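Working notes, structure below.
All ligand and atom numbering here is 1-based and tracks the order in the structure. Predicted model, so just to flag it, every value in this text is computed and none were measured.
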Amino acid sequence: MCGIVGYIGHRDAYPIVIKGLKRLEYRGYDSAGIALFDGNTLEVTKTKGKVADLERVALQKNSMKGSIGIGHTRWATHGVPNDVNSHPHYSNSGNLVIIHNGIIENYEPLKKELIARGYTFHSDTDTEVLINLIEDVQVNENISLEKAVQIALNQAIGAYAIAVFDKRVDGEVVVARLGSPLAIGVGENEFFIASDASPFIEYTSSAIYLEDGEMATISLQKEICVSKIKDGALVDPYIQKLQINLEQIEKGGFDHFMLKEIYEQPHAINDTFRGRLLPNEGVIKMAGIDDNIDKFLNAKRIIIVACGTSWHAGLVAEYIFEEFARIPVEVEYASEFRYRNPIINKDDILIAISQSGETADTMAAIKLAKQRGAFVFGVCNVVGSSISRETHAGAYTHAGPEIGVASTKAFTTQITVLALIALRLAKQKGSIDNSQYHYLLHEMEQMPSKVTETLEQNDLIEQIAEVYKDYSDCLYLGRGFNFPVALEGALKLKEISYIHAEGYPAAEMKHGPIALIDENMPVVVIATKKGHYEKVVSNIQEIKSRKGKVIGIVTKGDTSIKAIADHVIEIPETLEPFTPLLTTIPLQLFSYHIAVKLGKNVDQPRNLAKSVTVE
Ligand code: F6R
């Protein structure tokens with residue numbers, strides 16, 4: 001939900017900010033803008049469209065000078081995406097300029113008060129209200145920008161990561177965060193500001209991640225001063241060493257990040273295993289679980305909360321936990337859970353799953369569960385993210401940066417982490433016997449190579465995509481462990497190709513969706529050998545006798561389904577609980593190829609953003 005980038009130092013800010021914005025475009029891409037200051041002139045350039053459009057406008061204006069710059073790529077909340085609503089926004093005097101990721105919820109009453117005091121507004125945004133509020137405080141109290149930002153933010157309700165500067169104070173930018181991420185890259189006499197570290201990793205590996213409720217004044221003269229927004233109390237900044245490198249955030253020869261990330265899955269799952277899955281020793285080591293083992297063993301119930309694809313991973317986990325660890329599991333949309341007065345007991349464990357670790361609804365669900373006394377465990381991909389810090393303990397997925405907006409490797413590595421946890425608990429509880437446990441661990445170790453084998457179906461999947469690219473609907477059916485995969489397959493197709501798709505448990509078809517079936521309805525059926533196979537074969541017969549088109553995801557060597565389906569895509573044989581790690585792959589590739597063939601923007605689908613930091 002919006003990306004922010006800033007630079008303050010001795011270099012030209014323009015190329016650094018523009019390149020940084022391109023890396024953050026996954027966060028929002030409906031408009032972009034930049035403010036540059038060269039010590040004399042403050043120049044704001046902004047436009048509806050992408051960062052590439054911004055570059056064109058800046059080139060025409062020839063406004064690329066300055067060694068202080070702040071830039072923004074927007075995912076619209078208040079006000080349609082147009083030039084005026086794009087960030088940065090000026091204050092009325094033209095002295096202050098701001099970029100903002102988040103929402104100021106009480107902007108309307110604040111705006112009314114400011115209008116009553118003579119302020120005028122050009123945009124429909126909450127951000128323009130905030131910058132004028134800061135100006136109003138600064139002028140009335142005759143105080144520094146830093147102090148004015150602190151006072152103004154105490155009047156604002158909502159979420160924000162902001163960067164503000166005052167053209168009368170050269171070499172200083174004030175930043176603050178609450179509910180939206182903000183990292184400060186610390187170089188030699190230069191500083192970088194960004195929603196995540198990707199815009200500055202080639203310049204510095206040292207970063208300060210502001211905590212919620214913190215602000216910082218970054219000054220070339222006085223370095224960095226971090227303080228609490230609430231009371232201005234000083235905080236000792238903690239400088240971290242970054243773990244990501246440039247290669248990880250570039251496309252590496254692939255046409256799209258999504259395809260690269262699909263192909264990274266064998267490697268990513270191996271990274272998830274590293275140091276944890278030790279089949280020869282018969283051990284699963286996970287510090288977050290080991291340190292809290294009693295809590296897990298005594299838990300009466302596990303509640304999983306997440307959104308979107310992460311929620312689908314939670315559903316797969318429900319089946320896996322109940323199969324192996326025999327602990328009751330409920331899976332909830334975080335957005336529903338947080339608002340429905342849920343019953344949470346002290347001996348419940350809440351597992352929050354989030355790739356970005358920033359999803360606002362998931363974060364709110366965590367806070368609610370904590371207030372009510374539950375132990376909260378996070379499964380996140382982004383190291384140091386807000387959710388990973390808010391939870392009592394957790395396990396990272398270690399999938400590496402996921403930049404394509406459609407989640408792929410995050411999903412399979414989430415399932416991997418959750419399966420490891422389930423097996424770790426099953427062993428400790430004795431809910432599976434020793435030989436079964438050892439067998440499962442060895443089979444699990446095989447999954448990366450089985451994912452690689454599944455990826456070899458890519459050419460066939462591309463051909464099948466060519467056949468179905470112009471259909472307007474698609475059904476996805478699966479049972480048991482693969483019912484959530486059907487949901488995930490449908491979500492992938494919807495979000496990147498804009499084709500209407502629905503996922504259903506296969507047996508539910510006859511309770512309604514079967515009415516949709518005719519020769520215009522392709523149906524993707526996940527029909528692995530051990531997953532209620534005969535029943536799913538009957539479902540396929542039912543579809544075929546109503547002229548539906550069937551694409552079967554089957555176990556290698558299956559001949560029965562091949563005889564009746566229009567197409568089959570094979571996956572290697574594995575234990576049924578692990579099949580989601582394989583059946584997901586063809587569905588990711590199918591949606592990818594359809595979207596490419598339709599000329600859609602695969603990595604940045606319309607209306608979406610990678611981290612959803614607003615409700
Ligand atoms: C779909 C997708 C979204 C996310 C959802 C949750 O491909 O990426 O549905 O899964 O927005 O995001 P995280 O996992 O970051 O909490």
Side-chain angles (χ1 to χ4, degrees), residues 1-3 26-28 75 179-181 195-196 256-259 261-262 265 268 304-317 331-338 350-366 376 378-391 394-415 417-418 476 484-485 487-498 501 503 584-585 587-592 595 600-615:
M1 302 277 115
C2 304
Y26 71 86
R27 301 179 65 87
W75 187 89
S180 300
S195 303
D196 70 36
H256 299 96
F257 281 111
M258 182 180 178
L259 190 62
E261 288 157 8
I262 290 173
Q265 288 174 109
I304 297 180
V305 293
C307 302
T309 289
S310 298
W311 182 74
H312 296 154
L315 288 178
V316 176
V331 188
E332 304 261 4
Y333 281 118
S335 53
E336 288 297 313
F337 180 83
R338 63 179 288 194
L350 184 119
I351 299 183
I353 310 173
S354 175
Q355 186 287 128
S356 61
E358 302 294 344
T359 302
D361 285 320
T362 309
M363 181 57 117
I366 292 168
V376 180
V379 175
C380 294
N381 188 37
V382 177
V383 176
S385 55
S386 305
I387 290 178
S388 68
R389 288 194 306 232
E390 187 68 32
T391 41
Y396 284 117
T397 47
H398 295 308
E402 190 180 66
I403 293 169
V405 165
S407 206
T408 53
K409 62 177 179 170
F411 179 65
T412 43
T413 53
Q414 286 164 347
I415 295 173
V417 161
L418 292 158
Y476 286 75
V485 178
L487 298 181
E488 173 60 8
L491 177 63
K492 287 286 92 90
L493 189 67
K494 276 186 271 216
E495 66 182 331
I496 61 168
S497 70
Y498 320 144
T584 304
I585 309 293
L587 308 193
Q588 295 171 342
L589 287 167
F590 183 61
S591 56
Y592 170 78
K600 306 296 183 208
N601 187 338
V602 172
D603 283 334
Q604 293 169 354
R606 69 183 180 202
N607 304 338
L608 293 177
K610 187 79 185 154
S611 37
V612 184
T613 52
V614 296
E615 284 191 43

If you measure from CG on L418 to OG1 on T397, what distance do you get to the nearest 0.5 Å?
-> 9.5 Å
Just need the protein heavy atom nearest to atom 11 (O) of ligand 1, so name the residue and atom and give the distance.
-> V612 CG2, 3.9 Å
List the closest protein heavy-atom neighbour of atom 7 (O) of ligand 1: residue, atom name, distance to the nearest 0.1 Å.
-> E495 OE2, 2.6 Å
Between A490 and G503, the two heavy atoms sitting closest are CB-N, 3.6 Å
Of C307, S354, S407, the one whose closest heavy atom lies nearest atom 6 (C) of ligand 1 is C307
In ligand 1, the atoms that come under 4.0 Å of a heavy atom of G308 are 9 (O), 10 (O)
For ligand 1, which part of V405 has a heavy atom less than 4.0 Å away: the side chain, the backbone, both, or neither?
-> backbone
Applying salt bridge (Lys or Arg N to Asp or Glu O under 4.0 Å), name anything that partners E358, two or more places apart in sequence or on another chain.
-> none
Closest contact, heavy atoms only, K492 versus S591 | CB-OG, 3.4 Å
For F337, ring-ring contact (aromatic ring centres under 6.0 Å, His included) partners two or more places apart = none
Applying a 4.0 Å heavy-atom criterion (strictly less than), which segment of E358 is in contact with ligand 1: side chain, backbone, both, or neither?
-> neither
Indicate the atoms forming the closest heavy-atom contact of D603 with M258, along with that distance.
-> OD1-N, 2.9 Å
For atom 2 (C) of ligand 1, state which one of I387, T309, V305 supplies the nearest heavy atom.
-> T309
Of all heavy-atom pairs linking H398 and N381, the shortest is N-OD1, 3.6 Å
Minimum-distance protein heavy atom relative to atom 14 (O) of ligand 1 | S310 OG, 2.5 Å
Before giving the answer on side chain to side chain contact (heavy atoms under 4.5 Å, CB included), spell out for Q355 and T413 the whole-Å C-alpha distance, their side-chain angles and the decisive distance to 0.1 Å.
-> CA-CA 10 Å; Q355 186 287 128; T413 53; over 6 Å; no
Determine whether any heavy atom of H312 lies closer than 4.0 Å to an atom of ligand 1.
-> no
Using distance alone, decide if ligand 1 has a nitrogen or oxygen within less than 3.5 Å of any nitrogen or oxygen in Q414.
-> no
For ligand 1, which atoms have a heavy atom of A406 less than 4.0 angstrom away?
-> 7 (O)
Looking at ligand 1, does any of its N/O atoms fall within less than 3.5 Å of an N/O of S356?
-> yes
For atom 12 (O) of ligand 1, which protein heavy atom lies nearest, and how many Å away is it?
-> T359 OG1, 3.5 Å
side-chain hydrogen bond (donor to acceptor under 3.5 Å, both in side chains) test vs S407 passes for just one of Q414, E402, E495, namely E402
